[in-house]
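Some notes on the structure that comes next.
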Amino acid sequence: MTKAVLGIIGGSGIYDLPGLENVREERIESPWGEPSAALRIGDIAGLPIVFLSRHDKGHRLSPSDINYRANIDCLKRAGVTDLISLSACGSYKEELPPGTFVLVDQFVDRTYNRPSSFFGKGCVAHVSMAHPVSPRLRIHLAEAARAEDIEVVRDGTYVCMEGPQFSTLAESLTYKELGYSVIGMTNMPEAKLAREAEICYATVAMVTDFDCWHPDHDAVTVQDIIKVLTENAENAARLVSRLAKDFPREHEECPIGSDRALDTAIITAPEARDPELLKKLDAVAGRVLNQTG
Ligand SMILES: CSC[C@H]1O[C@H](OP(=O)(O)O)[C@H](O)[C@@H]1O
Ligand SMILES: Nc1ncnc2[nH]cnc12
């Protein structure tokens, strides 16, 4: 049995986690470089929690400047088994107005300027991303939201753009036409890397705006977003507290195998593997690389 350790990545407007107790800050060294910030390690209702601010205090980092590999590697080193991303997003549906929380179940990756894998030359791996979100985490989040009377929608598709500029009207109309639910700039490659690191991942996409497709809302501005962020952040803190109280203390095996994703993924023959890369993979892939026989 593995102890459950809940990781929380706080996005825009969430630079700390109210309710986190017995907090200590830890700067974990990663062979993948500098993470966004020091980890804040503590507990809520006795459940171990590791909090990481994605953009760091003061919103120092833009989506393309975040070292997603270092972030996920550090969370893995800290023992995180289950990871929740709290993310601001724009909405493509009238019925998902600002303030709605969407428990997305699919992602579309439109980013192009970020390293998106721990693997590569000297150790090639192909994990499945067919179902990028852990269904079990989505269920726990939906139950926590219901208990706290927070409006959530249980599924949806999050398209991840490179940014940092918001979409053009043509892009916005295209994504809407394609049936996507929400847009953001950060959940890819984060979700891919969490899968490679065998960490169960789920996102709470918190709607802040209607992007620019909506006839009544012309262009998005950071000022408008900030107005909604504060209220969303308060609800997110309540949601996480409730989630932690009711969360199983033993890590539950993922029904779609997120926590065993590397069992069938590595294709490079042992004799063709690059020892330098293998060293960097010690945390992310240690479970499978250290197997003997
Ligand atoms: C400040 S609005 C744009 C910004 O907010 C979202 O970030 P996060 O997912 O970390 O909450 C979006 O992806 C952009 O990075
Ligand atoms: N409209 C939008 N587009 C991209 N990222 C966002 N984050 C919040 N609102 C957004």
Side-chain angles (χ1 to χ4, degrees), residues 7-17 35-37 51-68 71-72 75 83-94 96-104 107-111 113-114 132-133 156-176 178 180-194 201-214 216-237 239-240:
I8 305 287
I9 297 184
S12 297
I14 306 186
Y15 309 102
D16 201 353
L17 189 62
S36 295
F51 175 80
L52 174 63
S53 165
R54 186 186 276 132
H55 303 275
D56 200 6
K57 282 222 167 66
H59 208 111
R60 186 177 64 83
L61 296 169
S62 120
S64 311
D65 291 329
I66 292 166
N67 188 338
Y68 296 93
N71 285 355
I72 295 294
L75 291 167
L83 180 58
I84 308 290
S85 145
L86 302 173
S87 277
C89 65
S91 163
Y92 287 125
K93 294 185 190 286
E94 199 83 61
L96 302 177
T100 312
F101 284 12
V102 185
L103 305 179
V104 297
F107 292 104
V108 172
D109 191 356
R110 302 256 316 145
T111 66
N113 192 24
R114 323 168 173 189
V133 178
T157 298
Y158 172 122
V159 56
C160 191
M161 66 183 301
E162 183 62 46
Q165 303 83 359
F166 292 116
S167 306
T168 64
L169 179 58
E171 287 166 338
S172 196
L173 290 169
T174 304
Y175 298 148
K176 179 171 173 49
L178 287 169
Y180 303 158
S181 311
V182 294
I183 184 163
M185 304 179 189
T186 60
N187 281 206
M188 284 290 178
E190 198 171 84
K192 290 177 173 170
L193 295 165
Y201 184 88
T203 289
V204 183
M206 305 180 296
V207 177
T208 51
D209 55 87
F210 275 116
D211 206 34
C212 62
W213 63 271
H214 198 292
D216 302 340
H217 296 274
D218 199 20
V220 204
T221 69
V222 166
Q223 269 72 23
D224 291 343
I225 288 178
I226 287 171
K227 279 186 208 144
V228 187
L229 276 180
T230 315
E231 201 183 323
N232 282 354
E234 283 167 17
N235 282 337
L239 180 69
V240 170

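Each ligand, and each atom within it, is numbered from 1 in the order the structure gives. This chain uses plain numbering: 1 for the first residue, then up along the sequence.
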Notebook entry, point to check: Please state which protein non-hydrogen atom is closest to atom 10 (O) of ligand 1 and give its distance, to 0.1 Å?
Noted result: H55 NE2, 2.5 Å

Margin query: Which of the numbered atoms in ligand 1 are under 4.0 angstrom from any heavy atom belonging to G184?
Written below: 13 (O)

Check: What protein heavy atom sits nearest atom 10 (C) of ligand 2, and how far off is it?
Finding: G90 N, 3.4 Å

Next item on the list: Report yes or no: does S36 contribute a side-chain atom to a donor-acceptor pair with the main-chain N or O of R54 at less than 3.5 Å?
Entry: yes

Next item on the list: Tell me which protein heavy atom sits closest to atom 5 (N) of ligand 2, plus the residue, atom name and distance to 0.1 Å.
Entry: G184 CA, 3.5 Å

Item checked: Over all atoms of both residues, closest heavy-atom pair of C160 and M185 -> SG-C, 3.4 Å

Next item on the list: Identify, by atom number and element, the atoms of ligand 2 in contact range of I225, meaning under 4.0 Å from any of its heavy atoms.
Entry: 8 (C), 9 (N)

Note to self: Is it the case that atom CG in D218 sees more than 12 heavy atoms from other parts of the structure closer than 6.0 Å?
What the structure shows: no

Next item on the list: Give a yes/no verdict on whether any heavy atom in I225 is under 4.0 Å from an atom of ligand 1.
Entry: yes

Margin query: Check K192 with D109, please: is the shortest side-chain N to carboxylate O separation under 4.0 Å?
Written below: yes

Item checked: Donor-acceptor contact below 3.5 Å, side chain S181 vs main chain T157 -> yes

Check: Are any of the N or O atoms of V220 closer than 3.5 Å to those of ligand 2?
Finding: no

Note to self: Counting non-hydrogen protein atoms only, what is the nearest one to atom 4 (C) of ligand 2? Give residue, atom name and distance.
What the structure shows: M185 CE, 3.7 Å

Notebook entry, point to check: Nearest to atom 5 (O) of ligand 1, what protein heavy atom do you find, and at what distance?
Noted result: S12 OG, 2.7 Å

Next item on the list: Name the closest protein heavy atom to atom 6 (C) of ligand 2, giving the residue it belongs to and the distance to 0.1 Å.
Entry: I183 O, 3.8 Å

Notebook entry, point to check: Considering only heavy atoms of A88, which atoms of ligand 2 have at least one such atom less than 4.0 Å away?
Noted result: 7 (N), 8 (C)

Notebook entry, point to check: Do any N or O atoms from the side chain of Y15 and from the backbone of G13 form a donor-acceptor pair under 3.5 angstrom?
Noted result: yes

Next item on the list: Tell me which part of T186 gets within contact of ligand 1: side chain, backbone, both or neither, using heavy atoms under 4.0 Å.
Entry: both

Notebook entry, point to check: Under 3.5 Å, is there a donor-acceptor pair between the side chain of R114 and the main chain of E162?
Noted result: yes

Checklist line | Nearest-contact summary for atom 13 (O) of ligand 1 - protein heavy atom, Å | finding: M185 N, 2.6 Å

Next item on the list: Can you sort out which atoms of ligand 1 are near P63, meaning under 4.0 Å from one of its heavy atoms?
Entry: 15 (O)

Margin query: If you measure every N or O of H59 against every N or O of ligand 1, does any of those distances drop under 3.5 Å?
Written below: no

Next item on the list: Search all heavy atoms of F210 against all heavy atoms of L96 and return the closest pair with its distance.
Entry: CE2-O, 3.9 Å

Next item on the list: Heavy-atom contacts with G11 under 4.0 Å: which atoms of ligand 1 show up? List them by number with element.
Entry: 8 (P), 10 (O), 11 (O)

Check: Would you say the side-chain atoms of Y201 pair up with the backbone N or O of S85, donor to acceptor, closer than 3.5 Å?
Finding: no

Check: Does the H55 side chain pair with the main chain of R60, one donor and one acceptor, at a distance under 3.5 Å?
Finding: no

Notebook entry, point to check: Where does S167 meet ligand 2, judged by heavy-atom distances below 4.0 Å: at the side chain, the backbone, both, or neither?
Noted result: neither

Check: For atom 9 (N) of ligand 2, what is the nearest protein heavy atom, given as residue, atom name and distance?
Finding: D209 OD2, 2.6 Å

Item checked: Over all atoms of both residues, closest heavy-atom pair of N71 and P35 -> OD1-CA, 3.2 Å

Note to self: Checking the side chain of K176 only, and the main-chain atoms of Y92 only, is there a donor and an acceptor separated by less than 3.5 Å?
What the structure shows: yes

Item checked: Under 4.0 Å to a heavy atom of D211 - the qualifying atoms of ligand 2, by number -> 1 (N), 2 (C), 3 (N)

Notebook entry, point to check: Which heavy atom of the protein is the closest neighbour of atom 3 (C) of ligand 1, given with residue, atom name and distance?
Noted result: F166 CE2, 4.2 Å

Check: So, E171 and R110, do they make that salt bridge, N to O below 4.0 Å?
Finding: no

Check: What are the atoms of ligand 2, with element, lying closer than 4.0 Å to any heavy atom of T208?
Finding: 8 (C), 9 (N)

Item checked: Residue and atom name of the nearest protein heavy atom (relative to atom 8 (P) of ligand 1), distance in Å to one decimal -> R54 NH1, 3.4 Å

